[in-house]
Amino acid sequence: MSAKPTEPDTIELTTEELQEITGFAAECARRVLPIFERSLPGDSRPRAAVEAAQAFADGGRRTQALRTCAWAAYKAAGEVTGEVTGEAADGVAGEVPGGAAAADAARAASHAAAAAYLHPKASAHQVKHILGAAAHAARAEELASGGGRDGTGQTLAWARHHAPPAVTAVLGRLPAAPPGGGRVGELIRDLDTALRA
């Protein structure tokens, strides 16, 4: 009787694939940067994360600065809605105009920079790292358009038609996207299903 492994099996994952996936994620996030910047024009953290992701996609190295940009954009998302500090951006309690949409736009940027750190594990969780930027960008569009599900069409359609070969190849090595995750999880599963078809 063999022992059951405690870690998922690994998958093949090249630097070139990571760069293509990260470039795709950066493009998805770039599409919704204006949503964040309309709410907080002085906060450059999400844009810096997208630019750092693009630099890696263009052949740059994975550096601590890239990881730091991902975390900074994530923190910006939490600050917009008061999740991090209990107060909205600029220390003012209450709602930032377009705050929920802006937060998802910042999360898209965070996911774009973090895509460079996709793990070569055959885990459904890794699908969220590949498609998280697209799903958060779609959710930002949805919220910015008033919360209706029709608002997700632009980014999801763009993602379906512009996903580079590395995205579909690596998705093919992974289990399907996991359940849960609310609306963003639903968008990840929808995009995962479409890209595998």
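Computed from a predicted structure; not experimentally measured.
Among all heavy-atom pairs drawn from Ala102 and Val80, the shortest one is CB-CG1, 4.1 Å. Taking all atoms of both residues into account, the shortest heavy-atom contact from Gln19 to Gly60 is NE2-O, 3.8 Å. Across all non-hydrogen atoms, the minimal contact from Phe56 to Arg62 is CE1-CG, 3.2 Å. Scanning both residues, Ala140 and Ala101, for their nearest heavy atoms gives CB-O, 3.4 Å. Across all non-hydrogen atoms, the minimal contact from Ala122 to Arg173 is CB-O, 4.4 Å.
A donor-acceptor pair under 3.5 Å is formed between the side chain of His162 and the backbone N or O of Trp158. With hydrogens and angles disregarded, a donor-acceptor distance shorter than 3.5 Å links the side chain of Ser110 to the backbone of Ala70. In terms of modelled atom types and a separation under 3.5 Å, the side chain of Arg47 and the main chain of Leu33 share no donor-acceptor contact. A donor-acceptor pair is defined here as one N or O able to donate and one able to accept, closer than 3.5 Å; no such pair exists between the side chain of Glu17 and the backbone of Ala166. Between the side chain of Glu141 and the main chain of Thr155, a donor-acceptor pair closer than 3.5 Å is present.
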Fill in: Residue pair Asp104, Arg183: steps toward the side-chain contact (heavy atoms from CB on, under 4.5 Å) verdict
CA-CA 11 Å; Asp104 268 299; Arg183 180 67 178 136; over 6 Å; no
Worksheet item: Can you list the steps and then say if Ile35 with Leu143 is a side-chain contact (heavy atoms from CB on, under 4.5 Å)?
Response: CA-CA 10 Å; Ile35 293 171; Leu143 291 167; over 6 Å; no
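Within the 4.5 Å cutoff, no side-chain heavy atoms of Arg139 are placed close to those of Arg107.
Between Arg189 and Asp192, no side-chain nitrogen of the basic residue sits less than 4.0 Å from a carboxylate oxygen of the acidic one, so the salt-bridge criterion is not met.
Residue Leu191 is grouped with residue Leu118 when hydrophobic side chains (ILVMFWY) are merged at heavy-atom distances under 4.5 angstrom, including chains of intermediate members.
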